[in-house]
There are 2 protein chains.
Amino acid sequence: MQQHLTTIIDIARQLGISKSTVSRALTGHPNVNTKTRQRVLELAEQLDYQRNQLAISLLTNQTRTIGIMVPEFISFFFPKVIIGAQEVLAEAGYNVVICHSNESYETEVANAKALLASRVDGLIVSHTKETRNFDHFRVFQRRGIPVVFFNRVCEDMNVSKVTVNDYDGAFQAVEHLIQTGKRRIAHLAGPDSLPNSRNRLNGYRDALRKYGIDEEPELIISYDLTLEKANIYVNHLLNLPQPPDALFTINDPTAIEALQVIKNRGLRIPDDIAIVGFSNDPISALVEPGLTTVAQPISEIGQQSAHLLMEQLADKEQMKPARTVVLETQLIVRGSTVQGK
Amino acid sequence: MQQHLTTIIDIARQLGISKSTVSRALTGHPNVNTKTRQRVLELAEQLDYQRNQLAISLLTNQTRTIGIMVPEFISFFFPKVIIGAQEVLAEAGYNVVICHSNESYETEVANAKALLASRVDGLIVSHTKETRNFDHFRVFQRRGIPVVFFNRVCEDMNVSKVTVNDYDGAFQAVEHLIQTGKRRIAHLAGPDSLPNSRNRLNGYRDALRKYGIDEEPELIISYDLTLEKANIYVNHLLNLPQPPDALFTINDPTAIEALQVIKNRGLRIPDDIAIVGFSNDPISALVEPGLTTVAQPISEIGQQSAHLLMEQLADKEQMKPARTVVLETQLIVRGSTVQGK
DNA sequence: CTGTTAGCGCGTTCAC
DNA sequence: GTGAACGCGCTAACAG
């Protein structure tokens, strides 16, 4: 039941003037008779006139819309990043289109195409765990549309990026476990394809090395970030002849899944086995015992991503050199590593 | 650093044919020589041609984009609804633009304007707790753009809606509390302005009445859904001369906040005080004791919303009559009401 | 201060 | 099977 929407031509006709004048009046161009402008504005209001952004975008070749694509937004992390980015972007007059790839490479490619077709002015993205080929993002670059990666970043692309110091966060986490007397520290790591996963693994390794603890291959398990697998691997670790006395996981949801498994087995946390997660999701403060975790400045990741994007957007002429911002993490100690905390 | 994007004219020129033919070849029009089509398709691929959706939308007066606006998407509920809706919409070839109003009426109005300007074909929305005036949504109706409300619905607008049976869910929750021997059952209710909040309150009341329990005004507190306030009111309730022996809250985050407060005070759950929430957020299974709660079919709310919207979208000519879908809830019993569950 | 003209990229008549 | 012309709604350049 589409009906006719009033255009500047309607207004022009009714007022017996040209549409150019109407356009000027509406956009606040200085060279318009005050009285004429007044009449235009009134009639526009009365006719419920609304600018057609589509036409303007077609004309100016910019939509003032930014695409944000994340692998999922059920967990706390990504929504919070999006909100941080949105704050900054809205301030600057940009609209935001949010997509989630559902951790599927195919969906990611399809979304990228859709965003390209709708002519977003820029893209902020954290890719799926499956993504190996980044051509669907390179298309944006080739078109002169700035791209910013965060959290999961493509190392081979020369674009701006926002990450946290994953290495250091992991190092702190493991050092903390060692300092509380743990020696057989397991690590549920993320997929090797993700740089942040690799960095955390390196932090884990170096912390062990610093304290002269030999790395036990059987205690390091890379997995695909699904909770079902986490469950399986935690049980596997606990069933080892020499089970670990501590567990450092790639993220909080995994840690909390582990926490459930361990509690159900009747083991004591942290005495029998201590746990450290990564992210400081609010839920980590709610479980029992509270989860020790490496806090990331989540909102700030979004804000910085937006800033870096707008930096690129600022001067279209001479693409600014890409920048990488690395934010610091902070260890939050709770009951899963220190009794009574 | 915008550069020239290849258009159908570029392709036409290079092939020495007219842009009409290129257009036809690209859109799969039957009346095109197979060979010509082949050449067009090849060159398009080679030139990295991408249709300009903007131009098409301007021409056809439809964007195949649906706006979804929610008050927030940090908690589990709204993201999950969005994903449900998106599944159905994507299947039908629609893109989705997600907005969140951050529980602010002003932001909601601004977002509505932006969605209108970007010419979405339809709108799925759950409004803020502040919203009393719905004119910014009525504009869509007036323009012939279908609107579907879910969860928080405007009772005065004649549009399709998706809700759950809030009354019944609340009734079951309170009946369950009574059947476990509770008598002084408090209710942390949502704002009066929200119909679902009122319906849950009514369910609470009628359950009490059915069992001949007098309603105690001091045990019913409406509040603004912020966790700080929840904290204050829970403490207030516990400080009453005769504190409640059970608490039914408007949603799960509130119930979990209450659970923390109660545990910190050293009270036993459920013996001293039992708790029931509403929604069955995953977190309710993770806290200790597990939270008894009223489960909503969250994904289905999104899916149904999308279906109702597409029903309206289907025949533009004669607006179909609006429909309201009410989905059923289910009580999930956990340790916060039954010891050892 | 205002009107005329052109064109953004595309699909769609209507001719041939 | 193909091409020329038109128009979606708007802004900008140019000419008064």
Side-chain angles (χ1 to χ4, degrees), chain A residues 2-41 43-44 47-65 116-121 143-144 316, chain B residues 2-41 43-44 47-65 116-121 143-144 316:
Chain A
Q2 284 284 10
Q3 55 219 52
H4 177 71
L5 270 50
T6 65
T7 71
I8 52 172
I9 298 192
D10 298 322
I11 297 179
R13 256 202 294 262
Q14 288 202 34
L15 255 36
I17 58 180
S18 83
K19 64 181 183 134
S20 310
T21 306
V22 176
S23 170
R24 280 190 281 257
L26 255 21
T27 54
H29 192 95
N31 285 352
V32 176
N33 186 308
T34 321
K35 225 165 179 173
T36 314
R37 161 167 297 136
Q38 192 65 21
R39 289 167 59 210
V40 169
L41 257 36
L43 189 57
L47 259 42
D48 204 19
Y49 170 77
Q50 177 101 26
R51 285 170 62 168
N52 189 333
Q53 189 56 48
L54 252 36
I56 299 173
S57 294
L58 182 59
L59 203 55
T60 61
N61 201 21
Q62 58 165 354
T63 55
R64 296 202 71 77
T65 297
L116 208 57
S118 65
R119 294 293 200 264
V120 293
D121 289 346
R143 288 229 198 294
K316 289 273 182 198
Chain B
Q2 285 284 9
Q3 54 220 56
H4 177 72
L5 271 50
T6 66
T7 72
I8 53 171
I9 298 191
D10 299 322
I11 298 178
R13 255 201 295 261
Q14 289 202 33
L15 255 37
I17 57 181
S18 82
K19 66 184 181 121
S20 313
T21 306
V22 176
S23 171
R24 280 191 279 257
L26 254 22
T27 53
H29 192 95
N31 284 352
V32 175
N33 187 309
T34 321
K35 225 167 181 171
T36 314
R37 161 167 297 134
Q38 191 65 21
R39 287 168 59 211
V40 169
L41 258 35
L43 189 58
L47 259 42
D48 204 19
Y49 169 77
Q50 179 100 26
R51 285 169 58 162
N52 188 334
Q53 190 56 49
L54 252 36
I56 299 173
S57 294
L58 183 59
L59 205 55
T60 60
N61 200 23
Q62 58 164 353
T63 55
R64 297 202 71 78
T65 296
L116 208 58
S118 66
R119 294 295 200 267
V120 293
D121 289 346
R143 287 230 199 292
K316 291 272 181 197

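Numbered from 1 within each chain, the chains take letters A, B, ... in sequence-line order. All values below were derived from every heavy atom in this structure, side-chain atoms included, with hydrogens, water molecules and symmetry-related copies excluded.
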Practice task
Using a heavy-atom cut-off of under 4.0 Å over every strand shown, decide if A:Ser57 touches base, sugar-phosphate, or nothing.
Solution key: nothing
Handout entry: For chain A, the stretch of DNA chain C it reaches, first to last nucleotide, under 4.0 Å of its heavy atoms
Key = C:dC1 to C:dG9
Handout entry: Results of side chain to side chain contact (heavy atoms under 4.5 Å, CB included) for B:Leu59 - residues two or more places apart only
Key = none
Exercise for the section: List the protein contact pattern of nucleotides 10-16 of chain D with one symbol per nucleotide (5' to 3'): B for base contact, S for sugar-phosphate-only contact, - for none; contact means a heavy-atom distance under 4.0 Å. Expected result: BBBB---
Problem - Residues in side-chain hydrogen bond (donor to acceptor under 3.5 Å, both in side chains) contact with B:Thr63, at least two apart in sequence or another chain - result: B:Asp121
Fill in the blank from the handout: Residue set satisfying side-chain hydrogen bond (donor to acceptor under 3.5 Å, both in side chains) with B:Thr60, at least two apart, ordered chain then number -> none
Practice task
Please work out if A:Leu54 contacts a base, only the sugar-phosphate, or nothing of the nucleic acid, heavy-atom cut-off 4.0 Å.
Solution key: nothing
Problem - Set of side-chain hydrogen bond (donor to acceptor under 3.5 Å, both in side chains) partners for A:Asp48, sequence neighbours left out - result: B:Arg142
Fill in the blank from the handout: Per-helix bend value, the helix from C:dC1-D:dG16 to C:dC16-D:dG1, C1' rotation axes over five pairs per end, 10° rounding, shows 50°
Completion exercise
side chain to side chain contact (heavy atoms under 4.5 Å, CB included) filter on B:Ile9, not counting sequence neighbours, yields B:Thr7, B:Arg13, B:Lys19
Practice task
Applying side chain to side chain contact (heavy atoms under 4.5 Å, CB included), name anything that partners B:Gln50, two or more places apart in sequence or on another chain.
Solution key: A:Leu116, A:Ala117, A:Arg119, A:Arg143
Fill in the blank from the handout: Sorted by chain and residue number, the side chain to side chain contact (heavy atoms under 4.5 Å, CB included) partners of A:Arg37 (sequence neighbours excluded) come out as A:Ala25, A:Val32, A:Leu41
Exercise for the section: Could you tell me whether A:Asn31 contacts a base, only the sugar-phosphate backbone, or nothing, with contacts defined as non-hydrogen atoms closer than 4.0 Å? Expected result: base
Fill in the blank from the handout: On DNA chain D, more 5' by nearest nucleotide between B:Pro30 and A:Leu58 is B:Pro30
